[in-house]
Number of protein chains: 2
Amino acid sequence: MGVRKPTLRSVAEAAGVSTATVSYAFSRPDRVSAEARTRVLAVAGELGYAGPDAKGRSLRTGRTGAVGVIFTTGLTYAFTDPYVTAMLAGLAEALEPSRTSLMFIPFGEVSAGMAPDQVRRSVDAVHRAMIDGAVADGLDDDHPAVRVLAERGIPLVRSNETAAGPSVVIDDRQAGRDVGRHLAGLGHRDIVALVATPHEPGRVVEVTEQTPLFPYSRLRLTGLRESLPADTRLRVISGGSNSALAGQVAARAVLRGSERPTAIAADSDVLAAAVAGVARERGLWLGAGLSLTGFDDQPVAAELGLTTVRQPVHRKGFLMGRMLVDPDSERGRITLPTELVVRRSTGPAPSVRLGE
Amino acid sequence: MGVRKPTLRSVAEAAGVSTATVSYAFSRPDRVSAEARTRVLAVAGELGYAGPDAKGRSLRTGRTGAVGVIFTTGLTYAFTDPYVTAMLAGLAEALEPSRTSLMFIPFGEVSAGMAPDQVRRSVDAVHRAMIDGAVADGLDDDHPAVRVLAERGIPLVRSNETAAGPSVVIDDRQAGRDVGRHLAGLGHRDIVALVATPHEPGRVVEVTEQTPLFPYSRLRLTGLRESLPADTRLRVISGGSNSALAGQVAARAVLRGSERPTAIAADSDVLAAAVAGVARERGLWLGAGLSLTGFDDQPVAAELGLTTVRQPVHRKGFLMGRMLVDPDSERGRITLPTELVVRRSTGPAPSVRLGE
DNA sequence: TTGTACGCGTTATCAC
DNA sequence: GTGATAACGCGTACAA
């Protein structure tokens, strides 16, 4: 006596109707007589049949009712990043009306010299994910995950400007220029750009041409460079992936010794907040001894009086979700506005530099 | 000429082999000769076949490679709650080795008088979710989501003590007693317990016997009551679901006028942090004019010098995940320890009360 | 309402 | 050791 789970077919047999009738009784009540329906439901109840199986249904319909989010940072980090959570909130809001679920797909950090076996396993995860569409932030066109999704024919919406295909973006290069112009206008000629790079935070690296960068960082740096006078000294460093720890170690390295810059342009408010903490330890006054900019304009920026670039993160997530779920929504690329919000963390560069 | 997506069968035909061979070529490389394998992969490449379809495979194997997380708070709120994100981080860590994905399933707030239609749609979402297992926090046994999962035969791990079945819990009642004993020992006899309730934050309600509470709140309140002397005045209020806003409105209501308590026991650090902010506005000194306790011991608690109950949230999530993916892991119920962390936000009750 | 192809792959079993 | 055969897995949609 197999006590196997009841199926739609077994219910149909027990109720003496066709499988189609059972299916309709559950999924399209109006397509079946009330009488037949109650009978089917009664039998189903007796047998402990809970309704059409999700896997069978999705095979048949070709849809899964879920949208994937590809993470390249490890979910543990992702959930602590306010940029990410804000975007997810917007995404969730867009999906809620259609009751579409969200699926989180962790993909290791490829560029950080991931072992081939690791890549393979990550690719497999993307391959196996039961999703109707996907969103991702900062994946270049040649990223394995992007390739796999394309092969599978799964629509992908990204939020980086380097993406070919549907995307919701900001003008990162222009934002970089805005920051550079602001700092240059205040007289800063020795600047450190602090970016996040895809590796475990804790180790400080000097960023060179060869260093793998997130697409947005590259664009912002381009903008930054363009807008700085030729005699500006610009160093680019990273303490690892976007986190307080990365900001701390980087700030400690930079603010120690005589090579201290007059301004630090951080690539996120999270990094900037960490720098602010270290600056305070060192007795540096933001906007005086050290100027500091962030990015995103998360709540922490206002709290700290941080000059930063405001971008509509929540809206970004919302629009990405809409592109996937709403067939009537705008296609192609949507560019959202950014705005430099000047607060008290930036000020005139110290006018006299010793040792020059 | 249908340009339909290639299937395993079409690849098999094109390569002149059986479907089994193609399947093995992708999923069990060792089960097929290297020669046949390369041929199959070559043909697959030509046809643009990306490998076995996830939906077909999952129907056949009965597995989806994902576990669900049931949310009753709206994803938008969830992502901003440090308790939730910490638990998710732990969960993600447990799932990562098996490359299991995480699926977020929003379920409206049932107890808050959800419309029947809403309930139905939420139930459907749980029904349709393609998951092998699920975790949930604070769902009672009679919650619709719990019922559906049981009917579907999907393993569920919860983190509330009221759960029958697998769970990872803390002793909430004991934690409540610890808080009560601490406050009573400091002489407090007029206490407000501030809890989260499942409704939109912003409106303050006095909690009565009939008010729907999260299971953990009920237990903590029981413990709190047990440990307070008989002459203690205890009021229980809520400003809505766990959030800064809920804490703010509740604190404003409570700290205004002559009915002000000498201590507030908040059910989370998030709520307590909000209370601390309002207290500061009112010129109340924590630990002197007003004593305040939190719950969870999130980083913010240490920052604010908040007396709170420490619970291993990350570990909770990790163990829940392990129970689902690791068949060798401990079954049944795991109880994790809590600890009252006394900081400067609690102090002796003002010795003389006016108006008594 | 019902009969019945069809969606796509997996895996035990068998034959060489 | 390799490859093929064929029986599933569960529901949906179209035609009758």
Side-chain angles (χ1 to χ4, degrees), chain A residues 2 4-40 44 47-65 124 127-132 151-154, chain B residues 2 4-41 43-44 47-65 124 127-132 151-154:
Chain A
R4 48 196 307 172
K5 264 175 64 180
T7 71
L8 186 145
R9 192 182 320 279
S10 65
V11 172
E13 277 166 19
V17 297
S18 72
T19 58
T21 304
V22 178
S23 178
Y24 288 143
F26 278 99
S27 307
R28 311 268 292 267
D30 46 314
R31 289 267 176 288
V32 79
S33 73
E35 192 186 347
R37 176 152 185 273
T38 48
R39 166 114 134 284
V40 167
L47 270 56
Y49 179 72
D53 178 84
K55 294 183 279 287
R57 156 182 280 158
S58 105
L59 173 60
R60 180 65 235 205
T61 60
R63 307 183 27 73
T64 66
D124 273 12
H127 219 120
R128 274 201 270 271
M130 313 267 289
I131 50 176
D132 300 326
E151 279 174 350
R152 287 185 61 187
I154 291 177
Chain B
R4 50 194 308 171
K5 263 175 67 178
T7 71
L8 186 145
R9 192 183 318 280
S10 65
V11 172
E13 277 167 19
V17 297
S18 74
T19 59
T21 303
V22 178
S23 177
Y24 288 141
F26 279 98
S27 308
R28 307 258 302 265
D30 48 313
R31 183 70 179 71
V32 78
S33 72
E35 191 187 347
R37 178 151 184 272
T38 47
R39 167 115 133 283
V40 167
L41 294 183
V43 173
L47 269 56
Y49 179 70
D53 178 84
K55 294 184 279 286
R57 153 182 280 160
S58 106
L59 172 61
R60 179 62 228 200
T61 61
R63 308 183 24 75
T64 65
D124 273 11
H127 218 120
R128 275 201 269 271
M130 313 267 288
I131 50 176
D132 300 325
E151 280 174 349
R152 286 186 61 185
I154 291 178

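Lettering of chains follows the sequences in order, A, B, ..., and the numbering in each one begins at 1. Computed over heavy atoms, backbone and side chain alike; hydrogens, waters and symmetry mates excluded.
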**Item:** Shortest non-hydrogen contact between Thr7(A) and Tyr49(A), atoms and distance
**Value:** C-CE1, 3.5 Å

**Sugar-phosphate only, base, or nothing, as touched by Val32(A) at under 4.0 Å among non-hydrogen atoms** = sugar-phosphate

**Message:** Please find the pair of heavy atoms, one from Arg39(A) and one from Ala15(A), that lie closest to each other, and give the distance.
**Reply:** NH2-O, 2.9 Å

**Asked** To the nearest Å, how far apart are Leu8(B) CG and dA6(D) C1'?
**Response** 14 Å

**Request:** Take the protein atom CZ of Arg152(B) and the nucleotide atom P of dC10(D), then report the distance between them rounded to whole Å.
**Result:** 13 Å

**Item:** Length of the CZ-P vector between Arg9(A) and dG9(D), whole Å
**Value:** 9 Å

**Message:** Below the 4.0 Å mark, does dC10(D) have OP1 or OP2 next to a side-chain nitrogen or oxygen of Arg57(A)?
**Reply:** no

**Complete:** In terms of heavy-atom contacts, Asp132(A) and Gly62(A) come closest through OD1-O, 4.2 Å

**Item:** Separation of dG3(D) P from Arg37(B) CZ (nearest whole Å)
**Value:** 12 Å

**Prompt:** What heavy-atom pair brings Thr64(B) and Lys55(A) nearest, and what distance separates the two atoms?
**Reply:** CG2-CD, 3.9 Å

**Gap between atoms CZ and P, on Arg63(B) and dC10(D) respectively (whole Å)** = 15 Å

**Complete:** Heavy-atom contacts, protein to nucleotides 11-16 of chain C, under 4.0 Å, summarised as B (base), S (sugar-phosphate only) or - (none) per nt, yield BBB---

**Asked** Taking only side-chain nitrogens and oxygens of Ser18(A), does any of them come within less than 4.0 Å of OP1 or OP2 of dT4(C)?
**Response** no

**Prompt:** Counting any heavy atom closer than 4.0 Å, what does Tyr49(B) reach on the DNA or RNA strands: base, sugar-phosphate only, or nothing?
**Reply:** sugar-phosphate

**Request:** With sequence neighbours left out, write down each residue that passes side chain to side chain donor-acceptor pair (under 3.5 Å) with Thr21(A), or none if nothing qualifies.
**Result:** Ser18(A)

**Prompt:** Starting at CE of Met130(B) and ending at P of dC8(C), how long is that distance when rounded to a whole Å?
**Reply:** 14 Å

**Item:** Arg152(A) versus Ala54(B), closest heavy-atom pair with distance
**Value:** NH2-CB, 3.7 Å

**Request:** Take the protein atom CD of Glu13(A) and the nucleotide atom C1' of dG11(D), then report the distance between them rounded to whole Å.
**Result:** 14 Å

**Prompt:** With sugar-phosphate meaning primed atoms plus P, OP1 and OP2, does Gly51(A) contact a base, only sugar-phosphate, or nothing at under 4.0 Å between heavy atoms?
**Reply:** sugar-phosphate

**Prompt:** Heavy atoms under 4.0 Å, any strand shown: does Val17(B) hit a base, just sugar-phosphate, or nothing?
**Reply:** sugar-phosphate

Scan the side chains in residues 24-34 of chain B for donor-acceptor partners under 3.5 Å anywhere in the protein, sequence neighbours excluded, and list what turns up.
from, atom 1, to, atom 2, distance (Å)
Ser27(B), OG, Ser23(B), O, 3.4
Ser27(B), OG, Arg57(B), NH2, 3.0
Ser33(B), OG, Ala36(B), N, 3.1

**Prompt:** In whole angstroms, how far is the P atom of dT12(D) from the CG atom of Leu59(A)?
**Reply:** 11 Å

